[in-house]
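Here the structure comes first, spelled out in structure tokens, and everything after it is commentary.
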Amino acid sequence: MFTDLLGQHDAHVHVIEQALGVRIGVNGSTLRISGEHPEQALAGKVLSELYEIVKQGHSIYPGDVEYSVRILRADGNVDLKDIFLDTIYISAHKRVIAPKSVNQKRYIDAIRAHDIVFGIGPAGTGKTYLAMAMALAALMKNQVTRMVLCRPAVEAGERLGFLPGDLAEKVNPYLRPLYDALHDMVDFDRARRMLERGTIEVAPLAFMRGRTLNDSFIILDEAQNTTSEQMKMFLTRLGYSSKAVITGDITQIDLPSGKLSGLKEARTVLARTPGISFVYFDERDVVRHRLVQAVITAYEAASEGRLEAAPDNGIKPAKE
């Protein structure tokens with residue numbers, strides 16, 4: 001159990017050392033932490049809380065250790081067990097899908113408690129992935145009879161006409177990310193059978209018009225690219241015993257100039273509507289490669305005029 005805390009070849013220890021600038025000596029089942037007091041105390045708290053998680057039989061990985069440092073650095077009062085032990089779904093690869101940040105925990109709690117939830121934030125924060133895990137869990141528990149995944153094809157614009165095939169084949173490339181996430185959670189053959197039976201449906205937003213979706217878990221991805229009319233149309237598809245989760249990043253709107261994003265408008269129009277919840281993510285919730293968080297932070301700083309001059313690393317740009 002103690003070796004599970006340390007990780008293979010003490011990998012978890014090295015993550016904490018690098019993140020906090022401390023030294024952790026391992027002597028049998030004893031750890032000795034040295035460094036500046038705040039970082040030393042934080043390293044001790046991270047290790048202590050992760051050990052409690054390991055004792056519950058939960059596996060941890062270097063990424064979990066990195067998220068733990070990030071969470072406790074932001075708020076030392078957070079109990080990591082409340083986050084990491086909240087199992088949403090176990091994927092086809094036997095991997096446990098669970099929240100990795102405070103906002104992700106708020107997100108899944110909001111989905112449990114509300115019938116319409118908006119998840120708004122940058123790429124890589126788990127908005128769509130966690131919503132799909134919640135939808136699959138609801139499907140497996142017979143809480144709903146089908147799962148509907150849709151996206152606007154606004155990114156394509158008139159370019160759809162230049163793609164080969166019928167309309168369904170033209171929009172399929174824009175639905176590919178949803179298929180990828182689905183196949184990451186459900187083995188390929190099972191996913192194919194569910195798609196063939198209509199238990200899981202993946203469709204462009206335009207195909208939702210005129211429908212009423214009862215006993216369904218519906219996810220609208222890339223909602224920043226909906227128009228005001230499309231967003232209203234989607235939200236009014238909700239039938240009895242259904243849930244809808246709407247995800248998007250308002251910093252990556254691909255609508256034509258002058259078109260109001262339905263997601264941005266919904267933040268204002270529906271902010272005080274009972275039964276609807278808005279959960280906001282930021283760079284601290286990124287669960288992709290660590291550089292994704294750095295990229296998001298850098299672009300935010302640039303947009304706000306806070307970008308510092310790059311240090312001289314001795315490399316001169318090539319002449320054009």
Taken to the nearest 0.5 Å, the spacing of Tyr61 OH from Gln8 CD works out to 11.5 Å

Run the side chain to side chain contact (heavy atoms under 4.5 Å, CB included) check on Leu220 and Thr226 step by step: do they pass?
CA-CA 10 Å; Leu220 172 59; Thr226 61; 4.0 Å; yes

Geometric class of the His58/Phe84 ring pair [parallel <30°, tilted 30-60°, perpendicular >60°]:
parallel

Linked, directly or transitively: Ile116 and Tyr280 (ILVMFWY side chains, under 4.5 Å):
yes

Between atom CG of Asn225 and atom CE of Met231, what is the distance when rounded to the nearest 0.5 Å?
10.5 Å

Following the transitive rule for hydrophobic clusters with a side-chain heavy-atom cut-off under 4.5 Å over Ile, Leu, Val, Met, Phe, Trp and Tyr, establish whether Met140 and Ile200 coincide in one cluster.
yes

Would Phe118 and Leu263 satisfy side chain to side chain contact (heavy atoms under 4.5 Å, CB included), going step by step from the backbone distance to the final call?
CA-CA 9 Å; Phe118 287 81; Leu263 181 60; 3.6 Å; yes

Testing the basics here: between Leu47 and Ile24, what is the closest heavy-atom pair and its distance to 0.1 Å?
CD1-CD1, 4.1 Å

Would Ser216 and Arg146 count as a side-chain hydrogen bond (donor to acceptor under 3.5 Å, both in side chains) if you check the C-alpha gap in whole Å, the side-chain angles of each, and the deciding distance to 0.1 Å?
CA-CA 5 Å; Ser216 303; Arg146 63 178 164 175; 2.9 Å; yes

Enclosure of Arg190 CZ (heavy-atom neighbours >12, cutoff 6.0 Å)
no

So does Asp64 pair up with Lys100, basic N to acidic O under 4.0 Å?
yes

Looking at residues at least two apart in the chain, or sitting in another chain, which of them share a side-chain hydrogen bond (donor to acceptor under 3.5 Å, both in side chains) with Thr128?
Asp221, Thr247

Can you give me the closest heavy-atom contact between Ile111 and Met134, atom names plus distance?
CG2-CE, 3.8 Å

Can you tell me if Asp184 and Tyr129 form a side-chain donor-acceptor pair at under 3.5 Å?
yes

So does Glu36 have more than 12 non-hydrogen atoms from other groups sitting under 6.0 Å from CD?
no

Can you sort out the partners of Asp249 under side-chain hydrogen bond (donor to acceptor under 3.5 Å, both in side chains), two or more places apart, ordered by chain and number?
Thr251, Gln252

Between Lys55 and Glu52, does any side-chain N to carboxylate O distance fall below 4.0 Å?
yes

Spell out, yes or no, whether Ile246 and Val269 are grouped together once hydrophobic residues are joined by side-chain heavy atoms under 4.5 Å, including indirect joins.
yes

Residue pair Val117 / Ile276, side-chain heavy-atom distance below 4.5 Å:
no

Can you get from Ile90 to Leu130 by hopping between Ile, Leu, Val, Met, Phe, Trp and Tyr side chains that sit under 4.5 Å apart?
no

Applying side-chain hydrogen bond (donor to acceptor under 3.5 Å, both in side chains), name anything that partners Asp10, two or more places apart in sequence or on another chain.
none

Within-4.5 Å side-chain heavy-atom neighbours: Leu20 and Pro38:
no

So does Asp285 get a backbone contact from the side chain of Thr125, meaning a donor-acceptor N/O pair under 3.5 Å?
no

With a 3.5 Å distance limit and no angle check, can you tell me whether Tyr67 reaches the backbone of Val287 through a side-chain donor-acceptor pair?
yes

Flag if over 12 foreign heavy atoms under 6.0 Å of CZ, Arg23:
no

Donor-acceptor pair, side chain of Glu201 and main chain of Val148, under 3.5 angstrom
no

Is the side chain of Arg237 donor-acceptor paired with the backbone N or O of Met233 at a distance under 3.5 Å, no angle test?
yes

Does the side chain of His12 reach to within under 4.5 Å of the side chain of Ile60, using non-hydrogen atoms?
yes

Do Leu178 and Ile219 make a side-chain contact, defined as non-hydrogen atoms from C-beta onward lying under 4.5 Å apart?
no

Look at atom CD of Glu196 and say whether more than 12 heavy atoms of other residues, nucleotides or ligands are closer to it than 6.0 Å.
yes

Indicate yes or no for a side-chain donor-acceptor contact from Ser242 to the backbone of Leu238 under 3.5 Å, with no hydrogens or angles considered.
no

For Lys105 and Asp86: C-alpha separation, side-chain torsions, deciding distance, then whether salt bridge (Lys or Arg N to Asp or Glu O under 4.0 Å) applies.
CA-CA 8 Å; Lys105 170 64 173 170; Asp86 188 353; 2.5 Å; yes

Got more than 12 heavy atoms from elsewhere within 6.0 Å of CG, Leu195?
yes

If you take all heavy atoms of Gly239 and Asn214, which pair is closest and at what distance?
CA-OD1, 3.1 Å

Tell me whether Leu270 is reachable from Ile218 by hopping between hydrophobic residues (I, L, V, M, F, W, Y) whose side-chain heavy atoms are closer than 4.5 Å.
yes

Would you say Lys243's side chain and His114's backbone share a donor-acceptor pair under 3.5 angstrom?
yes

Over 12 foreign heavy atoms within 6.0 Å of CG, Asn27
no

What heavy-atom pair brings Arg70 and Arg284 nearest, and what distance separates the two atoms?
NH1-O, 2.7 Å

Using a strict 4.0 Å threshold on nitrogen-to-oxygen distance, state whether Arg112 and Asp109 make a salt bridge.
yes

